[in-house]
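Bear in mind that the values here come from a model prediction, so they are computed numbers and not experimental data. Lettering of chains follows the sequences in order, A, B, ..., and the numbering in each one begins at 1.
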2 protein chains.
Amino acid sequence: MTTQTTTGAARPAGRPRSEKAEKAIIEATLDLIGEGNSVSELSIEAIAARAGVGKTTIYRRWSNKEDLVVDALSSLKAPLPQFAGRSVREDLITWLRVISTESADRRGRCVMNILNSDPGRHPRVMERFYELAIKPRREAVLAVLRRGVANGELRPDLDVDLAMTILNGALVWAGKWLDHPGQMEGIPDRIVNEVLRGFAPA
Amino acid sequence: MTTQTTTGAARPAGRPRSEKAEKAIIEATLDLIGEGNSVSELSIEAIAARAGVGKTTIYRRWSNKEDLVVDALSSLKAPLPQFAGRSVREDLITWLRVISTESADRRGRCVMNILNSDPGRHPRVMERFYELAIKPRREAVLAVLRRGVANGELRPDLDVDLAMTILNGALVWAGKWLDHPGQMEGIPDRIVNEVLRGFAPA
DNA sequence: CCGATACGCAACGGTTCCGTTTCATAAACC
DNA sequence: GGTTTATGAAACGGAACCGTTGCGTATCGG
């Protein structure tokens with residue numbers, strides 16, 4: 001039994017694990033996902049090489065690839081979009097613009113690539129990812145829609161869940177079939193306008 | 001110089017290529033795609049094993065994996081859905097129901113898996129696939145929407161392209177986030193109803 | 001300094017897949 | 001029968017990656 005001077009968990013003897021290496025590994029993982037690699041296509045060797053790290057350093061921290069990916073995705077806490085609240089229309093446009101804009105940076109591409117991957121393939125990864133990156137925002141947007149139902153901006157019998165599926169699905173689908181990001185320019189506004197008015201004449 | 005008794009292309013001497021083997025190879029390829037394998041994940045060895053065929057037989061016909069996949073997808077000519085034409089609402093519901101139903105069989109799953117794959121990864125495959133399986137149906141549905149605009153069922157200033165993106169995107173997105181196929185039951189009807197009426201009150 | 005642990009690196013044996021070659025056999029034509 | 005081509009099976013060398021091990025070095029606490 002050694003003398004214990006500090007309270008709390010005993011610090012193990014020897015060289016401590018490198019924070020820098022850990023960051024580099026997670027960054028490398030996110031880079032590779034952002035570049036379009038599916039979870040199945042990720043290889044520990046590629047991650048180690050990209051991070052400038054030995055494979056040992058990875059295996060010492062994570063026992064398998066999925067655990068690593070789950071931890072990497074945990075660093076993708078997306079900030080909740082700030083809704084002005086002046087109108088539901090405005091907030092929904094803001095929401096779609098946020099998605100659209102974020103798809104340009106690395107984190108956004110990560111999110112999109114994971115979203116577009118087969119959910120049945122890596123259930124633990126998807127579950128964690130959903131809780132972390134999707135659910136909070138989903139709740140926030142649902143609140144906007146419910147506010148609209150409550151204050152008469154939206155139909156009282158609107159299915160807010162389905163409404164959100166329509167909005168998100170439309171934007172993602174649009175992004176998938178446009179070659180150049182520039183074409184996404186006015187899409188959020190146009191989608192919101194069309195679905196608010198409806199396709200049928202007044 | 002040999003005597004030429006038949007007209008047309010000279011039949012080469014020797015054993016002819018087996019039609020059966022060719023079919024088996026393509027079926028095996030579609031099976032594997034339908035089971036969720038991306039094009040990158042397909043391996044010639046797995047295809048050969050599944051088809052009960054030697055690798056030689058594959059390499060003799062296709063010089064690379066993409067050529068094989070392109071040919072395999074060519075056998076997926078989706079029949080155009082038959083629209084009753086009584087109303088645009090009805091035809092759009094029919095359309096979404098067709099997609100939804102087809103997602104259950106192997107060909108449909110193939111289509112969905114290819115659609116959900118990264119378009120930038122195998123451009124030749126995607127291009128061919130779009131021309132073959134997407135474009136014709138897209139044109140047919142656009143015709144339905146234009147008919148609606150012309151006869152007053154839809155708003156005269158409706159953006160039919162965007163409208164179709166919204167419909168398809170919503171359905172695909174809904175299918176992605178439902179675990180059991182049974183939950184898709186009334187989704188097509190509900191989507192069409194919501195987007196025709198619009199989220200805003202009349 | 002010493003013991004303990006982590007580090008990057010290189011190498012290991014094992015697996016999967018690549019694209020090619022060899023082989024005995026099968027199926028067409030003359 | 002003889003020629004020619006295709007077939008399935010097996011094996012090749014090579015590549016990528018797996019998860020592990022050993023090595024020399026670096027970095028902590030005592």
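Residue B:I58 contributes atom CD1, which lies 16 Å from atom P of D:dA6 at whole-angstrom precision. Going from atom CZ of A:R50 over to atom P of D:dC17 covers 13 Å, rounded to whole Å. Atom CD in B:E19 sits about 14 Å away from atom C1' in C:dA28, given to the nearest Å. What separates NZ of B:K20 from P of D:dA6 is a distance of 18 Å, to the nearest Å. As rounded to whole Å, 16 Å separates atom C1' of D:dG19 from atom CH2 of A:W62. In this structure, the CD1 atom of A:I25 is 13 Å from the P atom of C:dA6, given to the nearest Å.
Salt-bridge formation is not detected for the pair B:D67/B:R61: no Lys NZ or Arg NE/NH1/NH2 atom is positioned less than 4.0 Å from an Asp or Glu carboxylate oxygen. A salt bridge links B:E45 with B:K55: the distance from a Lys NZ or Arg NE/NH1/NH2 to an Asp or Glu carboxylate oxygen falls below 4.0 Å. Salt bridge status for B:D91 with B:R147: present, with a side-chain N to carboxylate O gap under 4.0 Å. A salt bridge links A:E102 with A:R137; the closest basic N to acidic carboxylate O contact falls under 4.0 Å.
The side chain of A:R61 places an N or O atom within less than 4.0 Å of a non-bridging phosphate oxygen (OP1 or OP2) of C:dC7. Residue B:S18 places none of its side-chain N or O atoms closer than 4.0 Å to OP1 or OP2 of D:dA6.
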Please list, for nucleotides 18-20 of chain C, all pairs of protein and nucleotide N/O atoms separated by less than 3.5 Å.
| unit_1 | atom_1 | unit_2 | atom_2 | d |
| --- | --- | --- | --- | --- |
| C:dC18 | OP1 | B:I44 | N | 2.9 |
| C:dC18 | OP2 | B:I44 | N | 3.0 |
| C:dC18 | OP2 | B:E45 | N | 2.9 |
| C:dG19 | OP2 | B:Y59 | OH | 2.5 |
| C:dG19 | N7 | B:K55 | NZ | 3.1 |
| C:dG19 | O6 | B:K55 | NZ | 2.6 |

List, with names and distances, any nitrogen or oxygen atoms from the protein found under 3.5 Å away from nitrogen or oxygen atoms belonging to nucleotides 26-29 of chain D.
| unit_1 | atom_1 | unit_2 | atom_2 | d |
| --- | --- | --- | --- | --- |
| D:dA26 | N3 | A:R15 | NH1 | 3.0 |
| D:dG29 | OP1 | A:R11 | NH1 | 3.4 |

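Taking 4.5 Å as the limit, every side-chain heavy atom of A:L92 sits out of range of all side-chain heavy atoms of A:V195.
Between A:H122 and A:S40, the side chains place a donor N or O and an acceptor N or O closer than 3.5 Å (distance only, hydrogens not considered). With 3.5 Å as the limit, one finds a donor-acceptor pair spanning the side chains of A:R128 and A:S74. Side-chain N/O atoms of B:R89 and B:N193 include a donor and acceptor closer than 3.5 Å.
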